[in-house]
Amino acid sequence: MKRLALFVSGDGSNFRAIHQAVLDGVIDGVVGLVVTDKIECPAAAYAREHAIELYPYPVAGQTPASLVKALNDGAIDFLILAGYLKMVPVEVVRAYPRKILNIHPALLPDFGGPGFYGRRVHEAVLASGAEMSGATVHFVDAQYDHGPTVAQVTVPVEPEDTPATLAARVLEQEHRLYSQVVAALCRGAIDWEDGTPHLEPPLTLPNLYKTRDPL
Ligand code: GRF
């Protein structure tokens, strides 16, 4: 059984979806640690309600080395970023190669990178006139929204969409996609044979595709 550290800053709906998948036995793992920069956020409250250990980061007095130590002490196998708004320190990225996932609420490499978070992502998608949006799960490297893509799911952009309606449509799909990808990660079903991640077997959810070459 793999041990997961969830990194959160906000509502934690992806965290809750993943935790539910753990409780349902869909993910063969356990949430061993929740790392947050916002100790009062709803996601942190959910962790407290479920007696999951919280590790505040970054806060005064904590260094990247102390975060690596907390992850090691918790015997964490995989780091799952779920709405975490801070950059993961490069020391952590180096300590956990191919073991850190993030979800982004758009079809990377478009609408990603510094400044593309929350409502801003969906505003930019609508302003672009794109007919499709979606979500991307990717491995994390030392740059925002940059590591190799594992899977994407698409949703249509409707003519009457606001950033809020589009965000809600994407978020619903994020929960399905992220739980499935984390489940695959925990059962060792992501292979890197050619140096890029592939789900073996591929996910069978509707709307799933991987159209782009990994970055
Ligand atoms: C999601 O849209 C996710 O893609 C992005 O931040 C949002 C987090 O939402 N990285 P939640 O906290 O999981 O509800």
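Both counts, for ligands and for their atoms, begin at 1 and track the order of listing.
Ring planes of F15 and H19: tilted class, angle from 30 to 60°.
Ranking the protein heavy atoms by distance from atom 2 (O) of ligand 1 puts E174 OE2, 2.9 Å first. Annotation: atom 9 (O) of ligand 1 to nearest protein heavy atom, N14 ND2, 4.0 Å. When hydrogens are left out, the protein atom nearest atom 8 (C) of ligand 1 is G83 CA, 3.6 Å; that is the closest non-hydrogen contact.
For ligand 1, the polar-atom distance check finds an N/O of I103 within less than 3.5 Å of one of the ligand's N/O atoms. Considering backbone and side-chain atoms alike, S13 places an N or O below 3.5 Å from some N or O of ligand 1. Considering backbone and side-chain atoms together, G12 places an N or O closer than 3.5 Å to an N or O of ligand 1.
D11 places no side-chain N or O within donor-acceptor distance of the main-chain N or O of S13, the cut-off being under 3.5 Å. Between the side chain of D77 and the main chain of R3, a donor-acceptor pair closer than 3.5 Å is present.
Contacts between H104 and ligand 1 below 4.0 angstrom, taking non-hydrogen atoms only, involve the backbone exclusively.
Between L81 and the choices I100, L6, L101, V8, the side-chain contact (heavy atoms from CB on, under 4.5 Å) rule is met once, by I100. For the side-chain contact (heavy atoms from CB on, under 4.5 Å) with N14, the qualifying choice from V182, I103, L177 is I103, the only one to do so.
With rounding to the nearest 0.5 Å, the separation of CG in L67 from CG in N72 is 9.5 Å.
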